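Please read all numbers here as calculations on a predicted model, not as lab measurements. Every number for a ligand or one of its atoms is a count from 1 in the order of the listing. Positions are given from 1 along the sequence.
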Amino acid sequence: MIDDKKVLYSGMQATGNLTIGNYLGALKNWLSLNEEYECFWGVMDLHSLTVRQQPADFRKKARNLLVLYIAAGLDPKKNCIYFQSHVSAHAELSWLLGCFTYMGELNRMTQFKEKAAKHTDNINAGLFTYPVLMAADILLYQTDFVPVGKDQKQHLEITRDIAERFNGIYGDVLTIPEPYIMKAGAKIMSLQDPAKKMSKSDENINGSIYLMDDPDTIVRKCKRAVTDSESEVRYSEEKPGVSNLLEIYSTCLGKSIEEAEKDFVGVGYGDFKMAVAEAVISILKPMQEEYNRLQKEKDYIDSIILENDEKAAYFANKTLRKVKKKLGLTEKPRKA
Ligand code: TRP
């Protein structure tokens, strides 16, 4: 609890270009959470280092993500938006919690197994202990709720296990976090393969609409989207491509699926796809304009970073001090 509010924590890795899937499925639903919760949104740049990064490019991407959070509508005065690497308590607590995490537990993580299989040339220890750092992220802020997608559920479970183990030995030190289930949260699939989730790391760039795509690109990608050999715009399991486009259209315009279907009675796929593209553009254009405006406001962004880093560090260090004390690490003598 911070000032009578429960704490909510989440973040995204600073790599890859965010897609409308990330926006419609996650970010968009985060915007109003600060009314009810004390919210922390990290730019998870330490996690990104499990994959080799180009320093100049990485630096830009991390900052761009922070700016994008703000451009998308997260108010940085009401949400703590910060860089994970600027708060050293994350790395410190991660070490301490690592001593309360078993090899067997980490070995069972599906994401580790998948990533290890995919990047056989760089199965580093960071990739293995990734969930411990994530546990540190969450537990440092005495988090009550973590909005996570299906793919991160296992990481939240191990976070709870680590926290319960620690509390079992040292008393009530860490808040046990719970998953935060989003009310709406559209699930957007690839435009090229509607059986797969739209992903920021898809090799087929036509499968994803990126938040920074220009209108022409959006139109082109929508036109190329996979549909079916029928001609009826209807939401149905047998029509995954059309259903996905309907989902995108309805979420962008804040309509229900039924309302969306009504818009396309007797309309062919060509015009339908154009309408989907227009709906996407109507959402992305103002966001991109705000993003471009903010990119020019360097001093403003710097001041936001400074302020929020400090705020995050304040809460994180409070927990870290408590944990260290419980563990019996010696305290620094005060200077006379
Ligand atoms: N692992 C998350 C992802 O890839 C990102 C992440 C890191 C995170 N630390 C977190 C998400 C803490 C929620 C809470 O999506």
field: Polar contact flag, side-chain donor to acceptor under 3.5 angstrom, Thr110-Gln154
entry: yes

- request: Answer yes or no: is there a donor N or O on one side and an acceptor on the other, between the side chain of Asn79 and the main chain of Leu74, under 3.5 Å?
  value: no

task: For Lys150, enumerate each residue passing the side chain to side chain donor-acceptor pair (under 3.5 Å) test, keeping only those at least two apart in sequence or located in another chain.
output: none

Numbered atoms and elements of ligand 1 in range of His47, under 4.0 angstrom, heavy atoms: 7 (C), 9 (N)

- prompt: Which residue holds the protein heavy atom closest to atom 9 (N) of ligand 1, what is that atom called, and what is the gap in Å?
  reply: Asp137 OD2, 2.7 Å

- prompt: So which heavy atom in the protein is nearest atom 5 (C) of ligand 1, and how far is it from that ligand atom?
  reply: Gly11 O, 3.8 Å

message: Give the atom numbers and elements of ligand 1 that come within less than 4.0 Å of a heavy atom of Tyr130.
response: 1 (N), 2 (C), 3 (C), 4 (O)

query: Any ion pair linking Lys273 and Glu278 (charged N to carboxylate O, less than 4.0 Å)?
result: no

task: For ligand 1, indicate whether the residue Met12 contacts it via side chain, backbone, both or neither (heavy-atom separation under 4.0 Å).
output: neither

query: Using a heavy-atom cut-off of under 4.0 Å, does the side chain or the backbone of Ile138 touch ligand 1, or both, or neither?
result: side chain

field: Lys/Arg-Asp/Glu bridge criterion (N-O < 4.0 Å) met for Asp216, Arg220
entry: no

field: Lys113, NZ atom: more than 12 neighbouring heavy atoms under 6.0 Å
entry: yes

field: Contact check: Gln152 vs ligand 1, nitrogen or oxygen atoms, below 3.5 angstrom
entry: yes

